[in-house]
Amino acid sequence: MSDLAYLDWNATAPLLPEARAAMTEALAHAGNPSSVHRAGRDAKKLLEAARARIAQRVGAPPDHVVFTSGGTEANNLALRGFPDRRIIVSAIEHDSVLAAAGDAARLPVTGDGIADLDALDRMLAADSRPALVSLMLANNETGAIQPVAEAAAIAHRHGALLHCDAVQALGKISFNYSELNADLMTISAHKIGGPMGVGALIASPALALRPAQSGGGQERGRRAGTENLPGIAGFAAACEVAGDMGAVAAHRDAIERRLLSIAPDARIHALGAPRLPNTTNISITCVISSTQVMALDLAGVMVSAGSACSSGKVRRSHVLDAMGVPPDLAECAIRISIGPGTTDSDIDRLVEAWGALYARTRSRAA
Ligand code: PLP
């Protein structure tokens with residue numbers, strides 16, 4: 001991939017060699033962690049060791065970790081797990097939260113993409129039924145970091161539970177589940193250099209979480225189905241190896257400086273918010289997102305149009321809409337997300353390709 005620039009780390013991070021090695025080793029285990037014989041006990045040992053390492057990474061007790069097939073399943077488990085509670089979700093949540101929450105009330109955000117906590121307080125005060133609030137730790141499209149600890153304090157004051165989707169925060173900023181005081185937290189392996197298809201919901205065993213599927217009693221009855229042991233071993237290895245991304249902020253800043261010097265009329269979204277160190281969401285008018293993504297791809301630069309959509313179709317971002325970004329600008333946004341493997345030449349390639357695209361459209365407009 002040396003002549004290609006992969007700048008879509010928020011979609012998925014390249015698999016870490018340590019995760020690959022841990023998975024290969026786990027694949028050699030014959031046992032099912034639920035079996036009582038020796039091979040089963042060995043597999044169970046591996047599973048519990050991985051659980052402890054992942055719990056340690058996020059500052060949670062190991063018995064809070066419920067393994068799932070990824071962030072989407074963990075979000076569904078959390079949002080559908082409390083049928084007696086009314087749900088409030090921030091308007092900028094990932095689709096897996098929004099879809100699972102159905103017609104839940106939407107918590108508005110500011111123009112910089114930060115959840116409005118006064119509105120949360122009012123929404124909780126207005127209805128005394130027990131609630132579940134879902135607020136992500138970092139937004140996948142803009143990188144805006146949300147005031148989760150403050151939201152948890154407000155939620156708890158009103159007797160509500162707080163779920164936090166920390167999928168994009170893990171491996172990018174440091175945080176601690178216990179200090180954030182969230183009741184439920186979602187994490188996913190492939191955003192930090194672990195494998196795709198494995199994640200976890202962090203939830204106290206004391207919570208009356210309704211399981212999503214029936215079957216065996218795995219994961220303390222909270223998630224039936226034989227655990228994906230190789231995936232979980234890879235997740236644990238990635239949790240130990242992946243640092244946070246503080247050091248990539250200099251690259252992110254250089255990208256933004258250089259793009260804005262080419263196109264002073266470009267707009268970087270959530271610029272005034274605390275943001276992930278690796279994410280830039282930028283719009284220029286007149287060139288829709290999908291055209292920019294394709295033009296950059298032809299030049300060997302991989303970015304995405306806001307959030308990656310499984311159908312491959314790009315629709316206008318609900319995140320930018322919620323921030324009040326005008327539609328003509330929101331339709332022209334791309335997300336550049338970098339990682340520790342991003343090099344100076346990746347950035348040069350991006351700046352050159354994007355600059356050429358910008359010059360073409362401006363000369364056409366003139
Ligand atoms: N939550 C957020 C904020 C995400 O960015 C993603 C993936 O893009 C998910 C949840 C879903 O995670 P997974 O891909 O593991 O299902």
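Any value given below was found using the heavy atoms of this structure, including those in side chains, with hydrogens, waters and symmetry copies removed. Counting starts at 1 for both ligands and their atoms, following the listed order.
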Task: Under 4.5 Å side-chain linkage, directly or through intermediates, the cluster mates of V109 - done: I92, M136, V319, L320, M323, V325, L329

- [ ] Mind checking side-chain contact (heavy atoms from CB on, under 4.5 Å) for D253 and listing every partner two or more places apart, or none if nothing turns up?
- [x] R257

Task: Presence of salt bridge, R51 and D63, under 4.0 angstrom - done: no

TODO: Using only heavy-atom distances, determine whether the side chains of N75 and T72 contain a donor-acceptor pair under 3.5 Å.
DONE: no

Open item on the list: Could you check whether H251 and D344, counting side-chain N and O atoms only, form a donor-acceptor pair closer than 3.5 Å?
Closed with: yes

- [ ] Only pairs at least two apart or in different chains count here, so list each ring pair (Phe, Tyr, Trp, His ring centres under 6.0 Å) that has a residue in residues 19-64.
- [x] H64-Y177

Task: Contact residues of ligand 1, where a non-hydrogen atom lies under 4.0 Å away - done: G70, G71, T72, N75, H94, S96, M136, N140, D165, V167, Q168, S188, H190, K191

